[in-house]
Each structure stands twice: as C-alpha cells, then as structure tokens.
Amino acid sequence: MNTKTKTAISPTRAENYPLWYQEVIKAAELAEVSPVRGCMVIKPWGWGIWENMQRVLDKMFKDTGHENAYFPLFIPKSFLEKEAEHVEGFAKECAVVTHHRLEQGPDGKLIPAGPLEEPLVVRPTSETIIGAMFAKWIQSYRDLPLKINQWANVVRWELRPRLFLRTAEFLWQEGHTAHATAEEAWEETRLMLDVYAQFVEEYLAIPVIKGEKSAGERFPGADATLTIEAMMQDRKALQAGTSHFLGQNFSRAQEIKFQDQTGHEAFAWTTSWGVSTRLVGALIMAHSDDDGLVLPPRIAPKQVVILPIYRNDAERTTVLEHCQRLQTSISALSFSGIPIQSQVDDRDLRGGEKKWYHVKRGVPVRVEIGPRDVAAGSVFAARRDTGQAVNISCAEFLAVLPQWLDSMQQGLFDRALAFRRQHTRDFHDLAEFKDFFTPRRQETEEPEIHGGFAIAHFADIPEVAELLKELKVTVRCLPLDAERTEGRCLFTGKQTDTRAVFAKAY
RNA sequence: CGGGGUGUAGCGCAGCCUGGCUAGCGCACCUGCUUUGGGAGCAGGGGGUCGUGGGUUCAAAUCCCUCCACCCCGACCA
C-alpha cells in the first residue's frame, strides 16, 4: 500500500463510483470475477455475509409458515412455453442445455454429442417447474395454502455483468405459494414484502421504500409486482427485493386446480417472491466509505477483531493470552439478541498492515492490545463507522461493546435515511424534473451526478415511459404508503391521485 | 448485442507512437541486519508464454489481422 494515499480505496467514491465499488469488493475480499464469463467466485468473507442473510431470512420465512424444498436446475423447454408473457420476459437471457455427452474428437478436443430430445433451460426462475409440481400436489382446498421456499442458484445470461449486482449466475431464494382466494394470495404478497423490508432495514441498515411497480416494470406474467427500493450513495436506486401477485395466470397455464368447499373446481391464486446476492451489492454501496467496506454489526460475519501487538516472543505470549481471555469474555456477550462474534488476528504481519486489512473488510470494532494494555488491563478500541477510538479498561470495553454495536447499527441506518431524504424531492414542474436528472459534471471525465429520487404525480400510460427513457430515468415504484392526493401528471397533465418515485437505477 | 478503452510478475503501472542489448518501476513476496503502540528502514534476492492465435520482418511487448477476457457508455434486464 502506498503510504501517501489518504484513503485505503482508490479511486474514491467522488472520483469514480463504479470503480470504487469494484475496488471495495477486491480490498474487502468479498468476491472475484471467475474464469467463466459473467460469473463470480464468492470468497469466505463475502460468503459469510450471505450466510448471515440466509440464516436470518430463512428463520423469518419459517416463522411466517413457509417450508423449504428443492426443485431441479433444469427446466424442460416445453414448460416455459406454457405462459406466453412470462417466456417473452426472459427468453433472451436463457442458457439452454442441448447435449448430454462429450466425445473426444480427432484433435483431442471434446465435442458435444448425444443431442437431447428436448432442450433443457437452466432455470432463470422456477415458476414453471414449481407450478408443475404444485399442480400434482394440490387437489382440494384442504391442500391450500401451499407455502414453499427454495434456496437456489439461477442463471440469466447477462451481457453486462457487475459483481453481486448483475451476474450470469447468482444465488437467491424464491418463495412460491398457492392460495384458495385472491385476497389470501394478495395478503401473502404484502406480507413477504414486509418481511423483506423489515430484514433490509433492521439487518442491513438500509432504508427502503415499499411500493408497487408500474405496468412497464412488472414481472412478466404477474398481475402486480411489489418492490422495495433503496438509494445507493451515488443516489441511484436499487431494487432490493420483489414480491409478485401472480393472480391465476400461472395456475391457468399449469393447471393448478383444486376443489373448493362447494365441490367446484377452481384455479389457485399464486405468489412468488425473492431476494438475491444482489443484497450484498446493496450493502456495499449503501454504507461503505473511501477506506473500504463498512458492515452493519447485525450482518457482519464477525463484529470484533482483536489485534495483538508485541515486539518479541515473551510479549507475544502474554499479549496473546490476554487477547484470548478477552475473546472468551466477548463470546459471552450479545447485542439485540445476537451473539457477538470475535476473532484474534495473530498472523505475523506488521501492525499497521493488519489494522488496514480489517478496516478495508469493514469489521465493526477493532481492538488493539499491546504489552502496556496488558499491564494496565486496558484496550485500544476503534469503531469502523465513525473512526472514533478510545483507550479504556477491559471491563469498561466489555460493558460498552453491545451498546456500541447497537448504536452503529442504528447510526448506519440513520445516516442512510438522512442521505436519501436529502436527495429526494417533490416535483410539480417538468423542466425542473429534467434538470434534476441532468448530469452536473459533463465537462470532466468524472461520472455523472444526478439528483436522486424524484416524486411526482404520474399517469401510468406507455407515452410516459417513452419520455422517461430519454432521460434514462425509470419509475421505481408507486409507494404503498403515499397519501392519495389529487394532482396533475407531471408528464401528461392528466388528473391523477397516483404519485411515483423516479430515479436512475441499477 | 452496438460504440469506446484496456490486457506487460500477486497488485498497480511505464515501455508501444518512431521495431533492435539479458523487458523495467512501485507495492507485495523471500533472506539478513536494524526498527517497533502501528500502512517501517537498509542491503541482497526470487518471480514474466508481454491476453490468444496467425502474419509482416534479419529482428515484434512494439506494426497488421483473428479470437478471448475485463472496464466504461448504450440497448436489455423476472
């Protein structure tokens, strides 16, 4: 590392946000691009974050009455041909398996042989194959509701991949449910959106706007798509999770039928909902700074790292022993019901180097203990979020640690919320709206900076979509909790009581 | 998939325009000494199919063509 640079990450966010993002991932050892185009390798620290996400979400799903199951990676092409709108939505991104055998050619190279009778599509999502199974499992209203979740990988052949945000293969969970009534299915759709919002706000410390997607942004084949939208530090929006009310579209296509209490046959009402490893990208872009990753304590794989400082073997022994005692004490503690995980980093690295290693990885609290601390029974402790550092007694530190972690969690959320509010504006004038989304720094090589989130009255008709396209702005959502006030659509002048959030988006 | 850019040691880069000793530099790595509450100093050292394949030439990192990968912008995005 160059000691002359003031920040651990170069370029900084202000200098080049997209590059900064990639550098943070590299410096924090979250993931790498793989030899396979568009696919990433998730490294242990990044995987630890995803594991925590999985653990928390999985419990939330089970607490709301869902069960896990697993469905095949491969989907017969014919399955996808059953729902026209659905297929059209993602056909361009599908990977297709056409052969089942490799043979060695004369030049020693392997040649696909044994063509499949019916090509298999690598799942881009599993509505169709799960629907096919639901159709078998559901006979009577007594079989409903059926509430299944699966943790899986999916493939969408992306042309412009970015680590965590958009990769050809990614990991996610997809929930699929079937219900006897529209009301119940709608309730499920709403409930899971709330679960997502709660998770993202309480664990990832990212404030979200809950809303419904406009017709143009809706999931293909869905009657309604609900979303949670978050603002990143470059003021762009990121869709952090979606929950779809599929109506009877898929049950009609796949014959998910049941006999109701009156003996009549009816199509089930289905939902699907998912979040992906994209959340890791959201986490990075929401909180990290020019020194690297900043992790909210509740999702961090480790909350505390202890760095022993010593000059010789004798000191090493005493200092290490002291560190391990501290670790044992910490392991008995928890914050907000979460056990505090700590780690002693005893690698043979120079102090400064080791310190920056953990700063870049975003470990919430860094503790440094040297011989003087051992003698005094004290520790040097620093917070990753504010950089605030103190020298206090061991006992004091242990007493204050849970509060530190809680306040960091809250502090990160508050900071992100304040940032979003600062860059969210109401609009009643189209010229001002356009100005809001016009790049500010065109004269330089630096990436553009645009306004942020714009809120305005909106009539959901195709003409508006065309106009927005020119500005490279999208309708992020129609907020669910917005007050229904009458006004004129910013674009068409039509009278409407619908207001929408507009932004540039990932 | 369209436009632009970049591929040289683990990482970051110079060299290329104008072809010519054994291809350099910083960080990292190894050895030794010194240093030690902090991204250490000095000395020595290891590590390279110059992205791939072909072409031009006495001679290619350098010029020409092919392909691949990555980055940026756009289109697309459940």
Side-chain angles (χ1 to χ4, degrees), chain A residues 1-8 10-11 16-19 21-23 26-27 29 32-40 80 83 85-94 123-128 154-163 165-168 170 172 174 213 216-222 225 227 239 241-244 246 249-250 272-276 278 291-292 307-312 315-316 319 348-360 366-376 378-380 382 389 391 439 445-448 469-470 472 474 505-506:
Chain A
M1 277 297 129
N2 189 341
T3 47
K4 275 170 255 160
T5 54
K6 293 179 206 113
T7 58
S10 169
N16 189 332
Y17 195 83
L19 252 185
Y21 173 76
Q22 293 175 70
E23 290 300 319
K26 199 188 287 182
E29 300 181 319
E32 281 177 26
V33 296
S34 76
V36 187
R37 189 194 138 73
C39 295
M40 66 176 165
L80 284 168
E83 218 284 331
E85 195 189 341
H86 185 58
V87 184
E88 208 180 313
F90 58 75
K92 290 189 291 291
E93 300 176 357
C94 285
R123 64 179 163 221
T125 179
S126 304
E127 270 76 9
T128 57
V154 287
V155 168
R156 298 176 186 179
W157 210 258
E158 297 293 347
L159 299 167
R160 192 178 165 190
R162 289 143 149 305
L163 288 179
L165 297 176
R166 183 171 290 118
T167 46
F170 59 94
W172 77 346
E174 48 182 323
K213 284 293 188 188
E217 302 273 333
R218 203 176 282 152
F219 177 77
T225 288
T227 177
Q239 177 182 300
T242 49
S243 183
H244 313 290
L246 304 175
N249 303 332
F250 284 87
S272 70
W273 28 274
V275 296
S276 71
R278 194 178 214 209
D291 284 327
L307 307 180
I309 290 151
Y310 48 81
R311 278 172 287 196
N312 50 50
E315 284 183 356
R316 181 175 186 272
V319 168
D348 187 19
L349 283 178
R350 277 186 287 273
E353 222 172 313
K354 213 189 274 188
K355 165 194 155 177
W356 282 103
Y357 175 84
H358 293 285
V359 168
K360 286 184 281 192
R366 187 179 82 250
V367 180
E368 301 174 2
I369 297 179
R372 289 214 290 273
D373 293 306
V374 175
S378 66
V379 298
F380 173 89
N391 207 306
E445 291 292 311
E446 291 164 344
E448 64 181 37
K469 206 166 179 177
E470 286 171 33
K472 295 172 212 156
T474 54
Y506 279 99

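This one's a predicted model, so the numbers in the text were calculated from it and none came from an experiment. Throughout, protein chains are lettered first and strands after them, A, B, ... in sequence-line order, and every chain is numbered starting at 1.
- A donor N or O paired with an acceptor N or O is found under 3.5 Å between the base of A78(B) and the side-chain atoms of E93(A).
- Residue K472(A) contributes atom NZ, which lies 15 Å from atom C1' of C76(B) at whole-angstrom precision.
- Note on R160(A): every side-chain N or O is 4.0 Å or more away from OP1 and OP2 of A75(B).
- Comparing atom distances between the E353(A) side chain and each of A78(B), A28(B), G74(B) picks out A28(B) as nearest.
- The same atom, P, is picked in C16(B) and in U6(B); the two are 14 Å apart, to the nearest Å.
- Between the CZ atom of R372(A) and the P atom of U36(B) there is a distance of 12 Å, rounded to whole Å.
- Between K92(A) atom NZ and C76(B) atom P there is a gap of 9 Å when expressed in whole angstrom units.
- The shortest distance between the side-chain N/O atoms of K354(A) and the OP1/OP2 oxygens of G37(B) is not below 4.0 Å.
- In the set A69(B), G37(B), C72(B), C72(B) carries the atom at the smallest distance from any side-chain atom of Q22(A).
- With sequence neighbours excluded, the residues that form a ring pair (Phe, Tyr, Trp, His ring centres under 6.0 Å) with F90(A) are H86(A).
- Note: CH2 (W157(A)) to C1' (C76(B)) measures 16 Å, nearest angstrom.
- Distance check on atom C1': U52(B) versus A59(B) gives 22 Å, rounded to whole Å.
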Just the atom pairs and distances: protein N or O near nucleotides 8-13 of chain B's N or O, under 3.5 Å.
from, atom 1, to, atom 2, distance (Å)
G12(B), OP1, K26(A), NZ, 3.4

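- Going from atom CZ of R166(A) over to atom P of C71(B) covers 13 Å, rounded to whole Å.
- Rounded to whole Å, atom P of U36(B) lies 18 Å from atom CD of E368(A).
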